[in-house]
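The structure appears right after this line, and notes come after that.
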Amino acid sequence: QSGRITSIGNKAQAHPAIMRSVFQLETAMTHPLRSLLAATLFTALTTPVALAEQTAAAPETATPTAPTADAVPTGTAVPTAPPVIGDTYHFALTGPEDKPVTDADAPFADKYLLVAFGFTSCPDVCPTTLYEFGEMLKKVKEPDVIQPVFISIDPLRDNSKVLNQYTNYFSPRIIGLTGDMPTIEATAKRFNATFGYRHQGKKVTPPDLPQGYTVYHSTMIYLLSPKREMIDVFDYQSGADKLARDIEKAIAKDRGDKA
């Protein structure tokens, strides 16, 4: 496993120009198309086994079968209940350079945290979310008060180096966080986020994850105040313009309520 992770990191590091060039094609592609193309390139460079499993598993859905106890969603995104607005939320995870971090450390302290859960080989939801994070930072009036956070729910593949290379393609301001499986599970549960793993249409669970497993997860985006109170939740398909407006509105309301 450690050898494979090293190989992934080397491949990703060798192709930053390819990823960045996708997002510079302003006139040739729509924003969603650039996001999906970038995700496809990153997946091809880093996790070809996972992509092959997604392709191979597709024909199985063509033949209807009776539901089973271990049946799982066929797509990436799954629904979940929202968290409790006003409750406090904290994390203690692994940040860049494998350093342990908490929400009280720099660069998170005293910032509004915009939090999403995902994984680097995600084909659609995560690149869209991170692209909108990067664009949102260009649109809000006070970008420095906001710290975007991307928490991996695929820690077996997403080590700190690979994760932060991935987030950096969208914006160097986005911080990728990971951790061991129990810590990731506990963090996601606290946020009421859900995720799971499947292989050939069936649910699989850590630590017995076979090669070629794929990941599904909930898609909400969470906004925490500097006091770590949950002040709003957004849909990942909001678009950068609406996301920027909604974040500024939530921050203004939070500041007014606490004034």
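- Annotation: the span from Lys141 atom NZ to Ile251 atom CD1 amounts to 12.0 Å, rounded to 0.5 Å.
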Worked check of side chain to side chain contact (heavy atoms under 4.5 Å, CB included) between Asp110 and Phe108: CA-CA 6 Å; Asp110 302 320; Phe108 312 108; over 6 Å; no
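- The nearest pair of heavy atoms linking Ala240 to Glu135 is CB-CB, 3.5 Å.
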Derivation of the side chain to side chain contact (heavy atoms under 4.5 Å, CB included) call for Arg198 and Tyr216: CA-CA 8 Å; Arg198 63 172 171 260; Tyr216 56 92; 3.4 Å; yes
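- Contact between Pro206 and Glu185 at its shortest, heavy atoms only, is CG-OE2, 4.5 Å.
- In this structure, CD1 in Ile151 is found 5.5 Å from CG in Leu93, a value given to the nearest 0.5 Å.
- Looking at every heavy atom in both residues, Pro100 comes nearest to Asp105 through O-OD2, 4.3 Å.
- At least one side-chain heavy atom of His217 sits under 4.5 Å from a side-chain heavy atom of Cys122.
- Proximity of Phe150 to Leu177: side-chain heavy atoms (C-beta onward) are nowhere separated by under 4.5 Å.
- Between Pro155 and Asp180 there is no side-chain heavy-atom pair separated by less than 4.5 Å.
- Using a 4.5 Å heavy-atom cutoff, the side chains of Asp154 and Thr120 are not in contact.
- Once rounded to the nearest 0.5 Å, the distance linking CG of Leu137 with CD of Gln147 reads 8.5 Å.
- Counted by atom type alone, Arg228 and Thr88 present zero donor-acceptor pairs between their side chains at under 3.5 Å.
- Under a 3.5 Å cut-off, the side chain of Asn164 and the backbone N or O of Gly176 do form a donor-acceptor pair.
- Between Ile184 and Phe91 the shortest side-chain heavy-atom distance does not fall below 4.5 Å.
- Using a 4.5 Å heavy-atom threshold, the side chains of Phe133 and Ser171 count as separate.
- Between the Thr178 side chain and the Ser160 main chain, no donor and acceptor come within less than 3.5 Å of each other.
- Rounding to the nearest 0.5 Å gives a distance of 8.5 Å between NE2 of His199 and OG1 of Thr214.
- The two residues Ala250 and Ile231 have their closest heavy-atom pair at O-CD1, 4.0 Å.
- Side-chain atoms of Thr129 come within 3.5 Å of backbone N or O of Val125 as a donor-acceptor pair.
- Side-chain polar atoms of Asp235 and Ser238 form no donor-acceptor pair below 3.5 angstrom.
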Intermediate values then yes/no, side-chain hydrogen bond (donor to acceptor under 3.5 Å, both in side chains), Asp254 and Ser225: CA-CA 8 Å; Asp254 178 68; Ser225 74; 4.6 Å; no
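- The shortest non-hydrogen separation linking Ala188 to Phe117 is CA-CE2, 3.8 Å.
- Rounded to the nearest 0.5 angstrom, Ile153 CD1 and Phe119 CZ are separated by 5.5 Å.
- Note: Glu229 CD to Tyr112 OH = 9.5 Å, rounded to the nearest 0.5 Å.
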Step-by-step side chain to side chain contact (heavy atoms under 4.5 Å, CB included) determination, Leu114 to Val149: CA-CA 6 Å; Leu114 191 65; Val149 179; over 6 Å; no
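- For the pair Leu163/Asn159, no side-chain contact is recorded, criterion being any heavy-atom separation below 4.5 Å from C-beta on.
- In this structure, the side chain of Thr102 engages the main chain of Ala104 through a donor-acceptor pair within 3.5 Å.
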Residue pair Thr167, Ile175: steps toward the side chain to side chain contact (heavy atoms under 4.5 Å, CB included) verdict: CA-CA 7 Å; Thr167 58; Ile175 303 296; over 6 Å; no
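- Between Tyr222 and Phe191, the ring center distance clears the sub-6.0 Å criterion.
- Salt bridge Glu97/Lys99: present, at least one basic N to carboxylate O contact under 4.0 Å.
- Although no hydrogens or angles enter the test, the distance criterion places no donor-acceptor pair under 3.5 Å between the side chain of Asp246 and the main chain of Leu243.
- Taking the ring centroids of Tyr197 and Tyr213, they lie under the 6.0 Å cut-off.
- The main-chain N or O of Gly239 is found under 3.5 Å from a side-chain atom of Glu132 such that the two form a donor-acceptor pair.
- Figure legend: Arg190 and Tyr89 shown as a cation-pi pair, the cationic atom lying under 6.0 angstrom from the six-membered ring centre and within 45 degrees of its axis.
- Contact of the Leu224 side chain with the Asp103 side chain is not registered, since no non-hydrogen atoms from C-beta on lie closer than 4.5 Å.
- Salt bridge annotation for Glu142-Arg255: present, with a cationic side-chain nitrogen under 4.0 angstrom from a carboxylate oxygen.
- Arg173 places a side-chain N or O within 3.5 Å of a backbone atom of Ile146 that can act as its donor or acceptor partner.
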